[in-house]
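The structure displayed is predicted, hence computed values, not measured ones.
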Amino acid sequence: MKKSLLGSLFLILASSIWGGMYVVVKLLVAVIPPLELVWLRYLIALVALVIIGLISKQKWRIKKNHLLIILLIAVIGYVISIVAQETGTMLSTAQMGAIITATTPAFMVVFASLILKERLTVKKAISVLLATVGVITIVGIDRIEFSSMIGGLTLVLAALTWALMSVLIKLLPSHYSQIVVTTYATLIAMVVLTPVVLPTLHELDFHVFKDPVILGGLLYLGVISTSIAFLLWNRGLHLLNASSGGVFFFFQPVVGALLGWFILGETISFTFWIGCLFILIGVMLVLKDKDHEKG
């Protein structure tokens, strides 16, 4: 299989997993504050990653000059972006979350051009534009509640920092195992968050963890949405140019809307399918772009 198709598959799977995450986060932040939720999410993810790493007999050594990059990836992406995302989700609506999340690929194109010196082709620009129009068509500007402005600004910070992290990942050599990189980044995030979370951890109502829905939501966030999805996203970005890989992020709101329809019984209008068509065309343009592969 061509590495472009394999990379595309990894990114689609990661984005699809995150598409189902908004419903889970919205449910969990009602009983677990965002900071504590992120900390618990990483605690579960770290256990899962270490088990996967030990079973697969990973080589854990990282060169000193690459440790700073992993530190930046952890702080910018795993701490600032994820905390901002879950806080923004709590303070805003799902529609606002979807529309602001759609800015991430545009930020990735900018950062890839500035940091990685990737060439901005016409196809890349058009693909991001089409996919953005697709998300706006699906969500509908008229349904966005702009009253929760703090939540919106927090989500913008989340989109900006996630885009920067996704580009920084490309600075690491491709021979590093993504299991090792993700494990170290998760560990650093835990270390950074622990002094902030520990003083308030005792205030949590631990009885809620007996609820199968809450426990299942935490396992989904920790194992599926963090361990597995982060591994898929990081690996996919190593197989494609960062500016091209960002377009696959648009699968997140599409899957989120489909799950809302399938699980929660939410209605899907005709504009949803028009929006999906725009996103699909944008993705196809990336796949046909000769500059989309790494290198």
Side-chain angles (χ1 to χ4, degrees), residues 1-21 45 48-49 52-53 55-59 62 66 69-70 73 77-78 101 104-105 107-109 111-113 115-121 123-124 126-128 130-131 134 162-186 223-256 258 276 279-295:
M1 185 183 293
K2 289 175 62 178
K3 67 177 184 178
S4 60
L5 292 177
L6 187 60
S8 301
L9 178 61
F10 287 158
L11 295 176
I12 289 171
L13 286 173
S15 296
S16 298
I17 289 171
W18 291 329
M21 185 181 65
L49 285 165
I52 293 171
I55 292 174
S56 56
K57 298 180 180 178
Q58 297 293 323
K59 295 179 180 178
I62 297 285
H66 295 139
I69 299 174
I70 295 178
I73 289 170
Y78 288 39
T101 297
T104 299
F107 288 137
M108 286 179 67
V109 169
F111 285 132
S113 178
I115 298 173
L116 304 176
K117 309 302 179 186
E118 288 185 5
R119 190 164 66 92
L120 177 59
T121 65
K123 281 187 177 179
K124 285 178 185 176
I126 293 175
S127 68
V128 172
L130 284 172
W162 187 262
L164 179 56
M165 181 216 69
S166 296
V167 171
L168 290 174
I169 287 170
K170 298 283 289 181
L171 296 176
L172 292 172
S174 58
H175 64 77
Y176 280 148
S177 165
Q178 293 309 315
I179 295 174
V180 173
V181 171
T182 306
T183 302
Y184 280 138
T186 304
V223 179
I224 308 297
S225 183
T226 304
S227 301
I228 295 175
F230 278 26
L231 289 174
L232 290 169
W233 184 256
N234 294 353
R235 184 55 186 158
L237 287 175
H238 267 293
L239 295 173
L240 297 176
N241 279 337
S243 53
S244 299
V247 176
F248 295 94
F249 203 76
F250 287 106
F251 278 88
Q252 186 168 324
V254 172
V255 171
L258 284 172
C276 287
I279 293 172
L280 182 61
I281 293 172
V283 170
M284 293 306 294
L285 279 175
V286 163
L287 291 176
K288 290 180 179 295
D289 192 336
K290 293 180 181 180
D291 292 330
H292 70 301
E293 289 188 5
K294 182 186 174 183

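For the pair Ile69/Ile169, no side-chain contact is recorded, criterion being any heavy-atom separation below 4.5 Å from C-beta on. A heavy-atom distance below 4.5 Å is not found between the side chains of Ile73 and Asn234. Counting only heavy atoms from C-beta outward, the side chains of His238 and Val181 never approach each other to under 4.5 Å. Put simply, the side chain of Leu172 does not reach to within 4.5 Å of the side chain of Ile62, judged on heavy atoms. Residues Leu164 and Ile115 are in side-chain contact: their nearest non-hydrogen atoms beyond the backbone lie under 4.5 Å apart.
Considering only residues two or more places apart in sequence or on other chains, Ala45 meets the side-chain contact (heavy atoms from CB on, under 4.5 Å) condition with Thr186, Thr226, Ser227. Partners of Tyr184 according to the side-chain hydrogen bond (donor to acceptor under 3.5 Å, both in side chains) rule, which considers only residues two or more places apart in sequence or in another chain, do not exist here. The ring-ring contact (aromatic ring centres under 6.0 Å, His included) check on Phe10 picks up nothing, with sequence neighbours excluded. Considering only residues two or more places apart in sequence or on other chains, Ile17 meets the side-chain contact (heavy atoms from CB on, under 4.5 Å) condition with Tyr220, Ile224, Ser225, Ile228, Ala229, Leu232.
Atom-to-atom distance recorded for Arg235:CZ and Leu13:CG is 14.5 Å, nearest 0.5 angstrom. Here the straight-line distance linking atom OG1 of Thr183 with atom CD1 of Ile70 works out to 10.0 Å at 0.5 Å rounding.
Note: Trp162 and Tyr78 have parallel aromatic rings, judged against thresholds of 30 and 60 degrees for the angle between ring planes.
Shown here for Met165 and Gly77, the closest heavy-atom pair between the two residues is SD-CA, 3.6 Å. Closest heavy-atom contact between Val223 and Ala48: CG2-CB, 4.3 Å. The nearest pair of heavy atoms linking Ile179 to Ser56 is CD1-OG, 4.0 Å.
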